[in-house]
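Predicted model only: the values in this text are computed from it and were never measured.
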Amino acid sequence: MQTKTKKYFIFTWGCQMNEHKSEGIAGVLAREGYQPANDLSEADVVIFNTCMVREKPEDKVYSEAGKIGEYKANKPDLLLGVGGCVAQALKEKLFRRSDDIDFVFGSSNISDIPRLIEEARNLQPMLNGRYRPVMAIDKIADKIEDLPFVRVSPFQAKVTITEGCSNFCSFCIVPYTTGLLRSRLPGDIIAEVSALADQNYQEVQLLGQNVDSYGKDMDDPNINFANLLRAITHLEIQRIRFTSSHPQDITGDVIEVMGKPNNICEHLHMAVQSGSDAVLEEMRRGYTKERFLNLVRDLKDGVPGVNITTDIIVGYPTESESDFEETVDLVKKARFGGAYIFKYSPRPGTVSFYKFKPDQDVPDAEKQRRLEILLAVQKQITFEENQKRIGQKVEVLAEGHARAGDPHLYLGKSRDNKAVVFRSLINPIGTMVNVRVREALVAGLQGEIESAPALIPVSVHA
Ligand code: SAM
Ligand code: SF4
Ligand code: F3S
């Protein structure tokens with residue numbers, strides 16, 4: 001008798017590193033014979049890969065688990081597993097607030113998922129509604145878990161270079177949920193990127209909470225981010241990206257490598273968080289407004305056409321109106337290509353959570369006002385910077401369709417990470433095309449394809 005193929009459905013919240021972890025979860029399940037479900041109704045196992053960086057992430061887990069619980073009414077065999085940063089932080093507490101969760105796994109326990117599924121399945125008929133946690137949460141391992149990634153895209157790949165973070169910015173939960181900085185060995189990273197080149201991947205994105213701190217946990221001073229990038233420029237991958245960069249750790253050497261004609265893309269996501277020296281010090285960011293603006297200048301001088309994007313937090317507990325004005329001033333001077341702006345959210349476990357009492361928090365309406373002011377300033381800058389691209393020819397990696405129902409309209413990214421929409425009669429997805437920019441909006445660029453996918457020459461790597 002033929003057995004039915006088991007299927008999984010993964011929900012991912014949070015950062016790119018979490019998205020990549022989900023590719024690892026998919027790989028572990030695929031090794032057990034599971035296939036991805038097209039929608040929830042097909043799934044035998046649902047996984048939540050959670051994030052707790054902002055707002056009320058626990059509440060989201062419970063409310064989403066409740067929705068899976070409703071599904072279970074018609075499909076009692078369905079299992080729900082919760083992993084990621086909320087699981088690492090809350091552990092068995094998750095079972096106390098939700099009867100719908102069947103198993104919980106930690107950030108270093110992805111390989112344990114098949115065993116947990118088995119245990120949860122065996123327990124299920126005996127439970128009769130009684131609470132019994134099935135869980136694997138180890139202390140974050142020193143070694144980065146080696147996972148059999150099943151990548152979502154056949155032409156864009158994420159590659160982890162570091163996990164964890166040792167910076168302990170006052171507001172941030174990440175070091176507590178992902179552990180201290182751990183770097184992979186350069187040989188392992190290069191071998192993985194080479195293998196991706198052999199599989200014809202066009203673009204590789206190097207991932208770390210702070211990629212520029214790569215190697216700082218190792219004794220050999222030659223193991224650093226600039227040298228890693230230098231080594232990767234020799235590999236047959238058309239585009240190398242990385243995220244995130246920390247202003248405190250970017251060296252002149254990194255700027256020099258980025259400035260050469262090679263496969264490293266001219267985009268840098270570098271969170272500034274605030275433009276006020278006093279707030280930056282409170283946040284423990286390790287730089288001043290002036291140092292940050294000098295770094296922006298050095299990057300723009302050293303890397304022609306670089307697009308610098310950023311993260312900003314408004315309404316940190318000590319942020320006064322004049323501190324906020326400093327941030328507005330910094331944004332106007334730095335002229336970022338784009339910015340994610342967040343309202344400060346106290347995270348239990350962090351330094352700022354314990355240091356400031358709830359009545360010291362900036363009122364939400366004020367946070368919202370500051371967020372809207374900054375958004376408007378940044379929107380105008382993004383628009384003006386995008387306008388400068390009109391008439392330029394840009395190399396675009398076609399990523400997918402731009403709009404449902406229009407089969408010839410495609411969306412891709414330029415090397416400097418601008419979204420570019422264009423029309424093509426041949427399906428170009430997964431290839432490089434040249435697009436002449438005709439229109440520029442805040443969300444990105446629009447243009448006409450100048451060379452058909454097959455006619456694009458392979459770029460030369462320096
Ligand atoms: N490692 C990155 C860095 O330092 O550049 C950032 C990692 S964090 C996942 C992404 C962003 O979330 C941060 O840059 C920060 O702006 C925001 N963030 C982190 N903790 C926050 C908090 N408690 N409240 C609001 N935003 C927060
Ligand atoms: Fe969080 Fe700071 Fe580390 Fe970024 S550098 S992950 S903001 S502690
Ligand atoms: Fe969120 Fe964890 Fe990433 S808290 S941002 S998923 S490291």
Side-chain angles (χ1 to χ4, degrees), residues 15-18 20-21 24 107-108 139-147 149 157-169 172 174-197 203-235 237 239-260 262-272 284-287 291-292 295 298-299 302-303 306 308 311 461-462:
C15 58
Q16 314 248 29
M17 304 197 66
N18 232 25
H20 189 39
K21 283 262 171 178
S107 302
S108 295
K139 201 171 135 272
I140 305 276
D142 288 342
K143 193 172 177 315
I144 295 174
E145 209 177 357
D146 204 3
L147 298 170
F149 295 104
K158 298 184 195 310
V159 170
T160 301
I161 65 165
T162 66
E163 278 193 0
C165 181
S166 302
N167 280 4
F168 291 92
C169 300
C172 183
V174 169
Y176 305 94
T177 56
T178 65
L180 298 179
L181 173 73
R182 282 116 44 220
S183 304
R184 283 177 78 195
L185 288 171
D188 290 351
I189 298 169
I190 289 161
E192 188 173 351
V193 178
S194 299
L196 292 163
E203 186 176 290
V204 164
Q205 187 180 36
L206 307 175
L207 293 180
Q209 282 300 342
N210 169 0
V211 283
D212 298 84
S213 67
Y214 173 73
K216 280 188 158 188
D217 54 325
M218 293 177 167
D219 293 333
D220 185 346
N222 289 315
I223 302 181
N224 59 51
F225 188 51
N227 283 344
L228 180 71
L229 284 181
R230 220 169 256 132
I232 293 177
T233 59
H234 296 290
L235 303 179
I237 285 279
R239 288 179 170 191
I240 302 294
R241 300 190 179 284
F242 50 84
T243 198
S244 293
S245 283
H246 192 302
Q248 167 189 269
D249 294 318
I250 296 174
T251 60
D253 230 12
V254 168
I255 300 177
E256 195 194 307
V257 187
M258 284 188 77
K260 294 218 166 105
N262 55 32
N263 53 359
I264 300 174
C265 292
E266 297 78 20
H267 173 233
L268 203 102
H269 186 75
M270 177 169 81
V272 64
R284 307 175 15 162
R285 289 292 291 180
Y287 51 87
R291 231 190 95 195
F292 183 86
L295 180 59
D298 292 349
L299 277 161
V303 187
V306 72
I308 304 171
D311 294 342
H461 303 154

Inset, instruction - Nearest 0.5 Å please: distance from the SG atom of C165 over to the OH atom of Y176. - result: 10.5 Å
Legend entry - Option from V303, L268, V306 for which side-chain contact (heavy atoms from CB on, under 4.5 Å) with I255 holds: V303
Legend entry - Non-hydrogen side-chain atoms of F242 and M258 separated by less than 4.5 Å: yes
Inset, instruction - Decide salt bridge (Lys or Arg N to Asp or Glu O under 4.0 Å) for K21 and E163; before the verdict, give the C-alpha distance in whole Å, the side-chain angles of both, and the deciding distance to 0.1 Å. - result: CA-CA 11 Å; K21 283 262 171 178; E163 278 193 0; 3.1 Å; yes
Legend entry - Side-chain donor-acceptor contact under 3.5 Å, D311 with H269: yes
Inset, instruction - Show the numbers, then the answer: is there a side-chain contact (heavy atoms from CB on, under 4.5 Å) between H246 and Y287? - result: CA-CA 10 Å; H246 192 302; Y287 51 87; 3.8 Å; yes
Legend entry - Euclidean distance, Y214 OH relative to L229 CG, rounded to 0.5 Å: 10.5 Å
Inset, instruction - Check whether any side-chain heavy atom of I250 sits under 4.5 Å from a side-chain heavy atom of F225, and report yes or no. - result: no
Inset, instruction - Report the residues that fulfil side-chain contact (heavy atoms from CB on, under 4.5 Å) with D146, sequence neighbours left out, ordered by chain and then residue number. - result: none
Donor-acceptor pairs under 3.5 angstrom involving side-chain atoms of residues 185-194: please list them, not counting sequence neighbours.
from, atom 1, to, atom 2, distance (Å)
E192, OE1, R184, NH1, 2.7
E192, OE1, R184, NH2, 2.9
E192, OE2, R151, NH2, 2.6
S194, OG, I190, O, 2.8

Inset, instruction - Would you please say whether a donor-acceptor pair under 3.5 Å links the side chains of S245 and D212? - result: yes
Inset, instruction - Please check if the side chain of S213 supplies one atom and the backbone of K216 the other of a donor-acceptor pair under 3.5 Å. - result: no
Legend entry - Partners meeting side chain to side chain donor-acceptor pair (under 3.5 Å) with T160 (sequence neighbours left out): none
Legend entry - Minimum heavy-atom distance between S183 and M218, given as atom pair plus value: O-CE, 3.2 Å
Legend entry - Partners passing side chain to side chain donor-acceptor pair (under 3.5 Å) against Q248 (at least two apart in sequence or in another chain): none
Inset, instruction - Check whether any side-chain heavy atom of Q209 sits under 4.5 Å from a side-chain heavy atom of M17, and report yes or no. - result: yes
Inset, instruction - Would you give the length of the straight line joining atom NE2 of H20 to atom CZ of F149, rounded to the nearest 0.5 angstrom? - result: 3.5 Å
Legend entry - Gap between atom OG1 of T177 and atom CD1 of I140 - 0.5 Å precision: 7.0 Å
Legend entry - Distance (rounded to the nearest 0.5 Å) between L206 CG and Q16 CD: 11.5 Å
Legend entry - R285 CZ to R291 CZ distance, which is reported to the nearest 0.5 Å: 11.5 Å
Legend entry - Side chain proximity check, N262 to V257, heavy atoms < 4.5 angstrom: yes
Inset, instruction - Kindly write out the residues that satisfy salt bridge (Lys or Arg N to Asp or Glu O under 4.0 Å) with R241, not counting sequence neighbours, or none if the list is empty. - result: E203
Legend entry - Residues in salt bridge (Lys or Arg N to Asp or Glu O under 4.0 Å) contact with D217, at least two apart in sequence or another chain: none
Inset, instruction - Walk me through it: do V211 and T243 pass the test side-chain contact (heavy atoms from CB on, under 4.5 Å)? - result: CA-CA 6 Å; V211 283; T243 198; over 6 Å; no
